[in-house]
2 protein chains.
Amino acid sequence: MKDSDESAGTAARSKRADARRNKETLLEAAASVFVTSGVEAPVRDIAAKAGVGTGTIYRHFPTRADLIVAVYRHQVEACAEAGPALLASSETPHAALGRWIDLFVDFLVTKHGLAAVLQSDNAGFDTLHTYFIDRLVPVCAQLLEAAADAGEIRSDMEALVLMRGVGNLCIGADSDPRYDARRLVELLITGLRLPQ
Amino acid sequence: MKDSDESAGTAARSKRADARRNKETLLEAAASVFVTSGVEAPVRDIAAKAGVGTGTIYRHFPTRADLIVAVYRHQVEACAEAGPALLASSETPHAALGRWIDLFVDFLVTKHGLAAVLQSDNAGFDTLHTYFIDRLVPVCAQLLEAAADAGEIRSDMEALVLMRGVGNLCIGADSDPRYDARRLVELLITGLRLPQ
DNA sequence: GACGATACGGAACCGTGTTCCGTTTAGCAA
DNA sequence: TTGCTAAACGGAACACGGTTCCGTATCGTC
């Protein structure tokens, strides 16, 4: 809640009304297009759906990645906030970790193509990388540390590596029904366990 | 060894000498460019390096993916053939599986960007998918079955899924030194183990 | 109602893979 | 050796993607 949330803010005087309206329209159009055509949908398609020119998109979102971030921000936040909650409510830290990773996988798998775009080293998606990493890695780290402290898992796995691994496993999970990302992730988490 | 291997063949009469020479030049140029710029290097770069026009590339290799397949065919073949060999020479099937996966990871990780391109659902890379899947999945399946029969691992993991998982884990392994694909793959294989 | 700042639209640009076609050349025959 | 033709070549042109630019339209204020 740092910007673009005008509903309760006292500031936000500078933007023109039509601009704010357009931004909202764009977010809805993008969300809708992402559902049907995947995250890799052409910018022009989104502009068309929203009934605006491409230039308008770029004024509101400097790059495609910013648009993606904006569309999914809420869900990423929810995922991030679920971490501590699960830790508090689960029997063991390892169970919390498992459930949290499950949430993360849910998120990635349901957004057609998001996982693939998340790892693309295509410069220009830096915003996307940075946002996901900055927001989620600390949460994952907390869960990992708790589980390690409880002696449930090995302590030499960095959150960043695990997150990227899970993210990678989710690539292509939608486009091929034979591929079972969730099971592989499960295996990965199992492999993390210390032979008690 | 079905075509393009003229050295010992009695056939191969139809192609003009310069064409054969160019194909060879192209393969070398592509291999060289792939090493320095990655598998995603522009076709034009490869053409330039080889000193030919882009049209020439497309006459020899109908699509970029065909060129990639041609460049790496030898190594994929070697990997495929290593499967049965490892199974015969290792103490246990699970050890053979581990070593074979290691070979596969070696291959993917050292080819800058190959893993990423391998999974891209970008139609047009079908050739690449098909070749890898057709050639390597049966080998992996054989290793998995042997290990399952020996009671070392769970028997409900399909080779295709495992291979794609391992492939996915290798994505981006080169571009970020903090990411440790090999360790994640190890974890995955560990997770496969039956609690003895 | 007028006017200046703000926002808009979409043509234009750049970098991809791929196709197309006029030009060149290898290889054979006379 | 010379001439001919099918094969191969080169690279301009096309399609398609993200992004930029700028003339035009609109908002909001005076």
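Convention: sequence-line order gives letters A, B, ...; per-chain numbering from 1.
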*What string of B, S and - do you get for nucleotides 22-29 of chain D, 5' to 3', if B is base contact, S is sugar-phosphate-only contact and - is no contact with any protein heavy atom under 4.0 Å?*
----BSS-
*Return the value, rounded to whole Å, for the distance between atom CZ of B:Phe61 and atom C1' of D:dA8.*
14 Å
*Write down the distance between CD1 (B:Ile46) and C1' (D:dC9), rounded to a whole number of angstrom.*
18 Å
*Does a nitrogen or oxygen in the side chain of B:Tyr58 sit under 4.0 Å from OP1 or OP2 of C:dT19?*
no
*Is B:Glu145 atom CD crowded by more than 12 heavy atoms from other residues, nucleotides or ligands, each under 6.0 Å away?*
no
*Mind checking A:Ala65 for me? I need base, sugar-phosphate or nothing, with any heavy atom below 4.0 Å counting as a touch.*
nothing
*Figure out the CG/P separation between A:Asn122 and D:dG18, and round it to whole Å.*
11 Å
*Evaluation steps, salt bridge (charged side-chain N to carboxylate O under 4.0 Å, His left out), between B:Arg154 and A:Glu186*: CA-CA 13 Å; B:Arg154 40 202 312 166; A:Glu186 218 178 284; 5.6 Å; no
*Within the pair B:Asn22 and D:dC9, is there a side-chain N or O less than 4.0 Å away from OP1 or OP2?*
yes
*If you take all heavy atoms of A:Val109 and A:Asp174, which pair is closest and at what distance?*
O-CB, 4.2 Å
_Of B:Arg20, B:Arg21, B:Arg16, the residue whose pairing with B:Asp18 passes side-chain hydrogen bond (donor to acceptor under 3.5 Å, both in side chains)_ = B:Arg16
_Contact under 4.0 Å: A:Thr63 side-chain N or O vs D:dT19 OP1/OP2_ = yes
*In whole Å, what is the span from the CZ atom of A:Phe125 to the C1' atom of D:dT19?*
13 Å
*Phosphate-side-chain proximity, B:Thr56 and D:dA8, N/O vs OP1/OP2 below 4.0 Å*: no
*Can you tell me how far C1' of C:dG9 sits from NZ of A:Lys49, to the nearest Å?*
20 Å
*Indicate yes or no: does B:Arg178 engage A:Glu158 in a salt bridge with an N to O separation below 4.0 Å.*
no
*asked:* Within residues 28-40 of chain B, which residues have any heavy atom lying less than 4.0 Å from an atom of DNA chain C?
replied: none
_Closest to the A:Thr54 side chain, choosing from D:dG18, D:dT20, C:dG17_ = D:dT20
*Whole angstrom value for the distance that separates P of C:dG15 from CG of B:Asp45*: 12 Å
_Does C:dA7 have OP1 or OP2 under 4.0 Å away from a side-chain N or O of A:His60?_
no
*ILVMFWY cluster membership beyond A:Ile171 - transitive side-chain contacts under 4.5 angstrom*: B:Ile171
